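Below is one structure, written out as C-alpha cells, with a few remarks after it.
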Amino acid sequence: MIREATADDLAPIRQIRLEAAAQAHWFLPREFWEQRVGQMPEVPPEGAEIWVLEQSGELRGFCWLQDSRLEVMVATCCQGVGLGSRLLDFVKDRRPALEAVVFADNDRAVAFLRHHGFEVLERHEHVDTGKDELTMQWRSRQPASA
C-alpha cells in the first residue's frame with residue numbers, strides 16, 4: 001500500500017535512506033550518509049510531499065518530492081522486486097515532470113531511472129565529494145491527471 005507519510009514515518013524513512021544510500025554508494029564512506037541523514041529535517045519542509053510504501057505493516061520504501069525534485073529509496077531487504085517502480089509510477093501519475101540527481105557511479109540508480117524514461121540533463125561535480133552527479137529528468141507525454 002502506498003500512502004502519504006506521517007510524522008511517525010520519519011524515523012523509518014531516515015533508516016531506509018541511511019542503509020540504502022550506504023549500500024548503493026560503495027564509493028563514499030558510510031559516515032557521509034550518516035551525516036546527511038542527521039541533517040534531515042524533523043518535519044517535512046514546506047511544500048514537500050512524502051509517500052511511503054508499506055507491506056505487512058512495515059515501511060519498505062519512500063518517495064520524497066520537493067517541487068519536481070524526486071528521491072526514491074527502498075529498504076535494502078526489499079530491493080529488486082519492483083517496489084521502487086511502484087513508487088515511481090505512483091508519483092509519475094501525479095506530476096507532469098520529475099527530476100532526480102544521482103551520483104554517476106551509482107549504476108543501479110542510473111539504470112533504474114533510464115528504464116523509467118529519465119534522460120540525463122547535465123553532469124556536474126558534487127560540491128562535498130568531488131564525485132560526478134547526473135541531473136536526470138522525466139517528462140510525461142500525457143496531460144497531468146486532475
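Only a predicted model underlies this, so the values are computations on that prediction, with no experimental measurement involved. Only heavy atoms go into these numbers, but all of them, side chains included; no hydrogens, no water, no symmetry mates.
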(message) Quick check on Arg30: does its CZ atom have over 12 non-hydrogen neighbours (other residues, nucleotides or ligands) under 6.0 Å away?
(response) yes
(request) State, to 0.1 Å, how close Ala24 and Phe27 come at their nearest heavy-atom pair, and which atoms those are. (result) O-CE2, 4.1 Å
(request) Please answer: with hydrophobic residues joined when any side-chain heavy atoms are less than 4.5 Å apart, are Met73 and Val37 in the same cluster? (result) yes
(request) Rounded to the nearest 0.5 Å, what's the gap from CG on Leu121 to OG1 on Thr135? Could you check? (result) 6.5 Å
(request) Please report the closest heavy-atom contact between Arg86 and Met1, naming both atoms and the distance. (result) NH2-N, 3.7 Å
(message) Atom CD of residue position Glu119 - does it have more than 12 heavy atoms of other residues, nucleotides or ligands inside 6.0 Å?
(response) no
(message) Between Arg3 and Glu54, does any side-chain N to carboxylate O distance fall below 4.0 Å?
(response) yes
(message) Looking at every heavy atom in both Ile16 and Leu59, which two are closest together, and how far apart are they?
(response) CD1-O, 3.8 Å
(request) Enter the distance from Arg14:CZ to Asp9:CG here, rounded to the nearest 0.5 Å. (result) 11.5 Å
(request) Identify the two heavy atoms, one from Ser68 and one from Ala97, that lie closest to each other, and give their separation to 0.1 Å. (result) CB-O, 3.7 Å
(message) So which atom in Leu87 and which in Trp51 form the shortest heavy-atom distance, rounded to 0.1 Å?
(response) CD2-O, 4.2 Å
(message) Can you tell me how far apart SG (Cys63) and CD (Glu49) are? Round to the nearest 0.5 Å.
(response) 8.5 Å
(request) Could you state whether Leu83 and Ile13 fall into the same hydrophobic cluster, counting links through intermediate Ile, Leu, Val, Met, Phe, Trp or Tyr residues with side-chain heavy atoms under 4.5 angstrom apart? (result) no
(message) Using 0.5 Å steps for rounding, measure from the CG atom of Asp89 to the CZ atom of Arg94.
(response) 11.0 Å
(message) Any donor-acceptor pair under 3.5 Å linking the side-chain atoms of Gln15 with those of Glu19?
(response) yes
(message) For residues Val101 and Leu113: do they belong to one hydrophobic cluster (side chain heavy atoms under 4.5 Å, members Ile, Leu, Val, Met, Phe, Trp, Tyr)?
(response) no
(request) Report whether Phe90 and Val52 are members of the same hydrophobic cluster (ILVMFWY, side-chain heavy atoms less than 4.5 Å apart, transitive linking). (result) no
(request) Report yes or no: is the cationic atom of Arg108 (NZ for Lys, CZ for Arg) closer than 6.0 Å to the six-membered ring centre of Phe112, at no more than 45° off its axis? (result) no
(request) May I ask you to decide if Asp67's main-chain N or O and Arg95's side chain share a donor-acceptor pair within less than 3.5 Å? (result) yes
(message) Whether the side chain of Thr129 engages the backbone of Lys131 through a donor-acceptor N/O pair (distance < 3.5 Å, no angle test) should be reported.
(response) yes
(message) In terms of relative ring orientation, are Phe103 and Phe32 parallel, tilted or perpendicular, with 30° and 60° separating the classes?
(response) perpendicular
(message) Any side-chain to backbone donor/acceptor pair from Lys92 onto Arg139? Under 3.5 Å, distance only.
(response) no
(request) Search all heavy atoms of Ala48 against all heavy atoms of Gln66 and return the closest pair with its distance. (result) CB-OE1, 3.1 Å
(request) Using the six-membered ring of Trp64, assess whether NZ or CZ of Arg17 lies under 6.0 Å from its centre and within 45 degrees of the ring axis. (result) no
(request) Begin with the C-alpha distance, continue with both residues' side-chain angles, and end with the deciding distance and a verdict on side chain to side chain donor-acceptor pair (under 3.5 Å) for Asn106 and His25. (result) CA-CA 6 Å; Asn106 186 348; His25 301 91; 3.2 Å; yes
(message) Rounded to the nearest 0.5 Å, what separates atom OG1 in Thr76 from atom CZ in Arg60?
(response) 10.0 Å
(message) Count I, L, V, M, F, W, Y as connected when their side-chain heavy atoms are under 4.5 Å apart, and connections chain through other members. Are Val102 and Trp26 then in the same cluster?
(response) no
(request) Starting at CG of Leu98, measure out to CH2 of Trp138 and round the result to the nearest 0.5 Å. (result) 5.5 Å
(message) Using a 6.0 Å cut-off, check whether atom CZ of Arg69 has over 12 heavy atoms from anything other than its own residue.
(response) yes
